[in-house]
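Naming: A, B, ... by sequence-line order, numbering from 1 per chain.
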Protein chains: 2
Amino acid sequence: MFSKACQYGIKAVIYIWVQSLSGARVGAKEIAVHVDAPEPFTAKILQDLVRKKIVGSQKGPNGGFYVDKSHEKFTLKDLVSAIDGDGLFSGCSLGLRECSEENPCPLHSEIKKVRNHVLEMLTKKTLRELALEVNNGETVLSRLIG
Amino acid sequence: MFSKACQYGIKAVIYIWVQSLSGARVGAKEIAVHVDAPEPFTAKILQDLVRKKIVGSQKGPNGGFYVDKSHEKFTLKDLVSAIDGDGLFSGCSLGLRECSEENPCPLHSEIKKVRNHVLEMLTKKTLRELALEVNNGETVLSRLIG
DNA sequence: CAATTTAAGGACTTTTTTATCCTTTATTGT
DNA sequence: ACAATAAAGGATAAAAAAGTCCTTAAATTG
């Protein structure tokens, strides 16, 4: 469903949100450890997300990645399409060049419903809200370390 | 959502079903043309599906791929998991090694609902039924050629 | 201002997916 | 039996995704 890059990206951004709730910036290495992802790859993904303004970054000592009020509006949908594009929600799922209501592929109408469901779930909560749930202990970002 | 191999496989098998409804076997080349997929790649995928008994094949003149009563039970779910595996329905969508009701990832409960929906839609119709809809003209397998 | 810290950027490697090609094997019709 | 036909199998090539490494640039602190 999601590429590896996207999985790492989702976990990383939620982790940044969790840390930013208490005002802390976090470095790529710390993020990678806590979301159980390869560090250089995670750094690349974050680089891209900074360019796309989904998270902020600060160089130098005590720098790192962070989020603030200006990032509160973003949902998983924004994050997923920033990393994986919107192939999950648009275009023909069987790759037909012409696929429409008038000329539907065999999966057209059923896939449409599934996609609406996916889209709804990806837009329902903001990334910040997902982080609050991690903060609460309702959900987790990696296997709990002894 | 589906790999290229899976997209080609789905279209190819439905095409085989359509042709088998009127008793005709079809060769890899004909299939590839009609589902708008690369021929040798399509042939490879079909090879695999024959091993997995989702379609039948016959060598020699007038041979080709076909389906019969013994293949009627198969659904898209069977086909998709034969080609892409069941990563779409199982395992943590964020790649957590431990992800369960007690220890859920941030997407766990929502993804579960989506997956149930996906699973429902993939099991709702058999491949034969999808072929009947193509036969009816309700749906199509490729852009209509002149 | 110098040393240190941390992200940014670019080049590169590895693995997986996608795709092609050629040879072999089985089947059929003559 | 023989020629023709079509799938099976294996080897290989190309492209994309995943992952690494090294250098550069920016910011901070003493």
Side-chain angles (χ1 to χ4, degrees), chain A residues 1-13 15-16 19-20 24-67 80 82-85 87-88 94-95, chain B residues 1-13 15-16 19-20 24-67 80 82-85 87-88 94-95:
Chain A
M1 193 146 189
F2 305 123
S3 69
K4 286 278 181 188
C6 197
Q7 294 180 6
Y8 300 150
I10 291 170
K11 291 188 289 185
V13 172
Y15 183 76
I16 293 168
Q19 295 310 114
S20 285
R25 287 177 186 146
V26 280
K29 182 169 293 181
E30 178 185 339
I31 295 170
V33 169
H34 284 86
V35 306
D36 196 25
E39 195 243 305
F41 194 31
T42 306
K44 276 284 173 242
I45 296 161
L46 288 172
Q47 224 177 88
D48 186 45
L49 294 176
V50 169
R51 272 192 297 262
K52 291 171 174 161
K53 318 273 191 194
I54 289 174
V55 298
S57 71
Q58 177 72 42
K59 290 180 181 178
N62 233 308
F65 298 91
Y66 66 91
V67 281
V80 169
I83 300 176
D84 278 351
L88 191 55
L94 295 183
Chain B
M1 193 148 191
F2 305 122
S3 69
K4 286 277 182 189
C6 197
Q7 294 179 6
Y8 299 152
I10 292 170
K11 291 188 287 183
V13 172
Y15 183 76
I16 294 169
Q19 294 310 114
S20 286
R25 288 179 187 143
V26 279
K29 182 169 291 178
E30 179 185 340
I31 295 169
V33 169
H34 284 86
V35 305
D36 197 24
E39 195 244 305
F41 193 32
T42 306
K44 277 285 173 241
I45 296 161
L46 288 172
Q47 225 177 87
D48 186 44
L49 294 176
V50 169
R51 274 191 297 262
K52 290 172 175 161
K53 317 274 192 196
I54 289 175
V55 297
S57 70
Q58 176 73 42
K59 289 181 181 178
N62 232 308
F65 298 92
Y66 66 90
V67 281
V80 169
I83 300 176
D84 279 351
L88 191 56
L94 294 183

Among D:dA18, C:dT25, C:dT5, which is the nearest nucleotide to the side chain of A:Pro61?
C:dT5

Can you tell which of C:dA7, C:dT28, C:dT18 lies closest to the side chain of B:Ala5?
C:dT18

Under the side-chain contact (heavy atoms from CB on, under 4.5 Å) rule, what do B:Ile83 and B:Leu49 come out as? Steps first, then yes or no, please.
CA-CA 8 Å; B:Ile83 300 176; B:Leu49 294 176; 3.9 Å; yes

Please determine if a side-chain N or O atom of [X] lies less than 4.0 Å away from the OP1 or OP2 oxygen of [N].
X	N	answer
A:Tyr8	D:dA18	no
B:Gln58	C:dT28	yes
A:Ser57	C:dT6	no

Quick one: the side chain of B:Lys44 and the base of D:dG9, do they pair up donor-acceptor inside 3.5 Å?
yes

Does some side-chain heavy atom of A:Phe65 sit less than 4.5 Å from a side-chain heavy atom of A:Val13?
no

Could you tell me whether the side chain of A:Tyr15 reaches within less than 4.5 Å of the side chain of A:Glu30, counting heavy atoms only?
yes

Which part of the nucleic acid, if any, lies within reach of [X] when heavy atoms closer than 4.0 Å are counted: base, sugar-phosphate only, or nothing?
X	result
A:Ala43	nothing
B:Val26	sugar-phosphate
A:Pro40	base

Does [atom1] belonging to [X] count more than 12 external heavy atoms closer than 6.0 Å?
X	atom1	answer
A:Lys29	NZ	no
A:Lys52	NZ	yes
A:Asp48	CG	yes

For A:Ser3 and A:Gly60, find the nucleotide of DNA chain D closest to each by heavy atoms; which residue's nucleotide sits nearer the 5' end?
A:Ser3

Residue mapping more 5' on DNA chain D - nearest nucleotide basis, A:Phe41 or B:Gly63
B:Gly63

Can you list, by residue number, the residues of residues 45-54 of chain A that have a non-hydrogen atom closer than 4.0 angstrom to DNA chain C?
A:Gln47, A:Val50, A:Arg51

Nearest whole Å is fine: how far is [N] [atom2] from [X] [atom1]?
X	N	atom1	atom2	value
B:Phe65	D:dT5	CZ	P	18 Å
B:Lys59	D:dA4	NZ	C1'	15 Å
B:Ile83	C:dT17	CD1	C1'	14 Å
B:Gln7	C:dT17	CD	P	15 Å

In terms of relative ring orientation, are A:Phe41 and A:Tyr8 parallel, tilted or perpendicular, with 30° and 60° separating the classes?
perpendicular

